[in-house]
Amino acid sequence: MDRKDAILQHRTSLPIASVEMRLVDEVRKHDTIIIVGETGSGKTTQLPQYLSNAGFCFDGKVIGITQPRRVAAVTVAKRVAEECDVQLGQKVGYAIRFEDVTSRSTRIKYMTDGLLLREALLDPILSRYNIIIVDEAHERTVHTDVLLGLLKKVQDTRLQKQKLDKLDLNNLIQFDNGSQSSNTKLTPLKLIIMSASLDAKGFSEYFGGAKAFHVQGRQHPVDILYTYHPEPDYVDATLIMIFQIHLEEGPGDILAFLTGQEEIESVDRLVHERLKQLPEGSRNVLTVPIYSSLPSEHQMNVFKPTPVSFRKVILATNIAETSVTIPGVKYVIDTGLVKVKNYNPVTGMESLIIVPISKAQSLQRSGRAGREGPGKCFRLYPESEFWKLKDSAVPEIKRCNLSNIVLQLKALGIDNLLEFDFMEKPSREAITNSLQQLYLLGALSDDCKLTDPVGFQMARFPLDPIYSKALILSGEFKCSEEMLIVVAMLSVESIFYSPREKLEEARSAWKRFSSSDGDHQTLVIVFRAAAEYLKKIKAATSKTKAIEKNLNRWCSDNFINNRSLKHALDVHSQIKRHLEQIDMSLSSCGDDMLQFRKCLTASFFLNAAEKQPDGSYRVKATGQNVQIHPSSVLFRSKPDSIIFNELVQTNQSYVRTISRAWSPGLVSYYD
DNA sequence: GAGCACTGC
């Protein structure tokens, strides 16, 4: 059988294939439908093809499918292009940040939900799209939630416009100038919300009682086992369970869900300690940790085949719940816990807390045991506890800073944020605090309208509003080159990589970069050092592989996280291009650090703090008492007046990424 | 002198 036949056979065997005609028919009849598809149903790859074949892409219109994650958008698009036997980027394509693989002929377009939100800024009624499919809606990321609200509104606007167009058409005969409306023929926007089970009702209610369809999945059965009693020490319980499975169950790898890096490292260590107590014949266990901040070359270890006669034990965070699918797993250990970020809109304080998972999440976790054959899931809690879990997790929109979202929606012409039809409304406090912050940044006027040009410019930058403002201000202070680097570096995950066992070595490597002015200037120095090194190797070779290898070497020599650095380089060039487009020229302050400090102080004045007699700091805006985080270059010098970028609550309240503020009263002493 | 779940524009 050749590849084409194999693809055809695969496609027709998928559970969704038997309901193709029915689904197409329902999409014709209704403007919005909900599809509940279990894993393996084929909904993500097949439905767009069915709709395209049924003629929904007439007049060059596009079917858009959104995903919460970049990798998913790319891999699914590649698969569908192959199934359609077309070149990727032609009829089937994808678009994610930094990468647009579409063309004029693209009819099926996979993309991230965040990217579609950005597109809406340029085309608020999304006129290119006939159908938008929102996939993985049950994950309820901020982007998905905002998108759902927006799409609901766009549907309405397009219906209204359509009615007006008809009126215009009638008037055409009278006025003979309907050219503008007649050549942009608008169709209603069809919406398809795709979700995993449990919450179809919520989506259906939100979309005015839209019909929901269930599509069978293709999963192997998974036995669920509970403990009799709650486990007071889940780390220890995990450890015991790993050995119980290893000694009593048949072959197959184990996936254990833990809450964070530290826990994973300690379970890893303990497994190896206890292995020594086992008879030699039972020591055939291989542990593989995986969590997001682990360098990618180490992450790849989970995909290496397990050596013959060995059992692999994967110790994972939530990354293995959705983002990474690991083959070979037959046993899942579920602690029932997850670490989530929390945000206090009143204080602006962020923290990470460990909370019980939802029923949906526990189902997702147990499902990881049944991908290749029947499996078992050991839940480290009693069944009675399972029934007490919430159906689904608190959506992200209720747990995050809303400033960016509020700014986006304002730019889309949605003026009354408190009235906006969110599926789940964020608290009034969270919204009003964001409005106030945007007002203080100059993005909103006294009557709460987006300011022109500052507010509009800020909305266009793919940055936190406070960073967008910093960038705009830096033009006046003649240090936009430096600020561009700072906002790029601040937009990515931590740039410094500190493995516990080599902490001293790392610290001495970073000394080269550190500046007594603060962490911002330090970031500029790191970025410039990396950019200069990159320039040097690019002059020596043009081979992409060699360039990458050298850059990775430089990163590991300097204890810099290579993924973060590459990301910062990408953000930097994207924003730079954007600045060119809006004719903002770049300027450098050179060695004039005072100028840069003035600009930092002016930009981050909302995050200013002053030293107290006891060496702690008082945040000016809220009066909170905080400490300088020990990772800051200013940890020891403790200047009188600082600005900061992050406020985090751990065992104490800390401010992170700090610079000396410029205080005019003290300037003569310092400069 | 501390510790960071996961995404995304």
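Here is the naming used below: chain letters follow the sequence lines, and residue numbers restart at 1 for every chain.
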*asked:* How would you summarise protein contacts on nucleotides 2-9 of chain B per nucleotide, using B for base, S for sugar-phosphate only and - for none, with heavy-atom distances below 4.0 Å?
replied: BBBBSSBB

*asked:* Can you see whether A/Phe635 has A/Lys638 sitting over its ring - NZ or CZ less than 6.0 Å from the centre and within 45° of the normal?
replied: yes

*Is it true that A/Arg69 and A/Glu139 make a salt bridge, defined as a side-chain N closer than 4.0 Å to a carboxylate O?*
yes

*Going by atom types only, do A/Asp334 and A/Tyr381 share a side-chain donor-acceptor pair under 3.5 Å?*
yes

_When you compare the side chains of A/Gln67 and A/Tyr94, does any donor N or O come within less than 3.5 Å of an acceptor on the partner?_
no

*Would you tell me whether A/Thr657 and A/Asp519 have side-chain atoms, one donor and one acceptor, within less than 3.5 Å of each other?*
no

